[in-house]
Protein chains: 2
Amino acid sequence: MNDRIAATPPATLAELLRRGNVFAEQCPSREVLKHVTSRWGVLLLVALLAGTQRFSDLRRKVGGISEKMLAQTLQWLEADGFVARIAHPVVPPHVEYSLTPLGIEVAGKVEVLADWIEFNLPAIMAARAARESGPD
Amino acid sequence: MNDRIAATPPATLAELLRRGNVFAEQCPSREVLKHVTSRWGVLLLVALLAGTQRFSDLRRKVGGISEKMLAQTLQWLEADGFVARIAHPVVPPHVEYSLTPLGIEVAGKVEVLADWIEFNLPAIMAARAARESGPD
DNA sequence: CAGAATCCTAATCGATACTG
DNA sequence: CAGTATCGATTAGGATTCTG
């Protein structure tokens, strides 16, 4: 990755940002992060934590997702090595999606974030309300 | 929140997805998640972990961000209670942004995710390469 | 059933210019 | 300096149709 900032030794994204470098946008990780944190990426990853599922299962489970977005997001995640796709060559096509070991890990991180937000929603909404009415 | 699924007792997003409900899209947490995982939201949160900073500092530090997006994203995060904005009423305007306690927490989760990706990029790229050439 | 292809709309983003 | 306003370009995303 980042050829031009390769000199910086042990740099996580966080490190880079703290230092002031931050042209990490030309780094592949930006792309991966985008897939993972995309609207449907988050939901699909968490949904797939429940185990192997078929295309239509996911479509039903995730809800408002269109076929197009489902297919596209699955392809992103597959290309990133997070999702494994297994197509059974039977007459009515049967394809199963599951998380790879790598995918299980990211999905875990995403789930932590999503759950934190869900859990802290009351506090968040409270802070929002307090700001609106309170300290004008 | 979610009036219609209020019956479900202790439901995290993950729980909802695993069960098959998942119409969490009409839930405020979807919005918060969107702000937090947005392209610039991620970067700003992590950047702000370094401490209080001014508008132009953030603009410089985050890099490719436009003024518009910086202002907008900061407003989102402020409205969600993650960022505190302090404007000093001096002649050349001086405004400082920092994370609230709540913001420090989410930023931490986001940082974990971002760092995981950064750290595992080699493995991700390897998986990608292997799939392209290998098991046709 | 799984998905590719097409078309189309609405939202997003970025650059520029302007204001207090 | 710290924004807001506006506009054009890009993109995400949805609905529909078609195929193996």
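Note that the coordinates shown come from a computational prediction; the quantities given were computed from them, not determined experimentally. Residue numbering restarts at 1 for every chain, and letters A, B, ... go by the order of the sequence lines.
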Detail all sub-3.5 Å separations between protein N/O atoms and N/O atoms belonging to nucleotides 17-20 of chain D.
none

Show me the protein contacts with nucleotides 10-15 of chain D, counting only N or O atoms at under 3.5 Å.
from, atom 1, to, atom 2, distance (Å)
D:dA12, OP1, A:Lys34, NZ, 3.3
D:dG13, N7, A:Lys68, NZ, 3.1
D:dG13, O6, A:Lys68, NZ, 3.0
D:dG14, O6, A:Lys68, NZ, 2.2

In whole Å, I'd like the distance from the [atom1] atom of [X] to the [atom2] atom of [N].
| X | N | atom1 | atom2 | value |
| --- | --- | --- | --- | --- |
| B:Glu31 | C:dA11 | CD | C1' | 13 Å |
| B:Tyr97 | D:dA2 | OH | P | 8 Å |
| B:Ile86 | D:dG3 | CD1 | C1' | 18 Å |
| B:Phe55 | D:dA2 | CZ | P | 8 Å |
| A:Gln53 | C:dA2 | CD | P | 12 Å |
| A:Leu70 | C:dA2 | CG | C1' | 10 Å |
| B:Leu74 | D:dT4 | CG | P | 10 Å |

Below 3.5 Å, can you tabulate the donor-acceptor pairs from side chains in residues 75-93 of chain B to any protein atom, sequence neighbours excluded?
from, atom 1, to, atom 2, distance (Å)
B:Asp80, OD1, A:Arg128, NH2, 3.0
B:Asp80, OD2, B:His35, ND1, 2.6
B:His88, ND1, B:His94, O, 3.4

ask   = Side-chain contact, heavy-atom cut-off 4.5 Å: A:Val42 with B:Leu33?
value = yes
ask   = Does a side-chain heavy-atom distance below 4.5 Å link B:Leu74 with B:Phe55?
value = yes
task = Just call it for A:Glu96: base, sugar-phosphate, or nothing, with non-hydrogen atoms closer than 4.0 Å on any strand.
result =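 Here A:Glu96 touches no strand at all.
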task = List for me each residue that meets side-chain hydrogen bond (donor to acceptor under 3.5 Å, both in side chains) alongside A:Gln72, sequence neighbours excluded, and say none if there are none.
result =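 Listed in chain order: nothing, the list is empty.
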Those residues that, when tested against B:Glu105, pass salt bridge (charged side-chain N to carboxylate O under 4.0 Å, His left out) (two or more places apart) =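 Salt bridge (charged side-chain N to carboxylate O under 4.0 Å, His left out) list for B:Glu105, sorted by chain: empty.
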key: Residue list, salt bridge (charged side-chain N to carboxylate O under 4.0 Å, His left out) with A:Glu31, at least two apart or on another chain   =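 Once residues adjacent in sequence are excluded, A:Glu31 has no partner under the salt bridge (charged side-chain N to carboxylate O under 4.0 Å, His left out) criterion.
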With B:Gln53, the side chain to side chain donor-acceptor pair (under 3.5 Å) member among B:Glu96, B:Arg59, B:Lys61 =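 The single option meeting the side chain to side chain donor-acceptor pair (under 3.5 Å) with B:Gln53 is B:Lys61.
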task = Looking only at non-hydrogen atoms, find the nearest pair between A:Ile124 and A:Ile117 and report the distance.
result = CD1-O, 4.3 Å
remark   = Given the options A:Leu43, A:Leu70, A:Thr73, A:Leu58 meets side-chain contact (heavy atoms from CB on, under 4.5 Å) only with A:Leu70
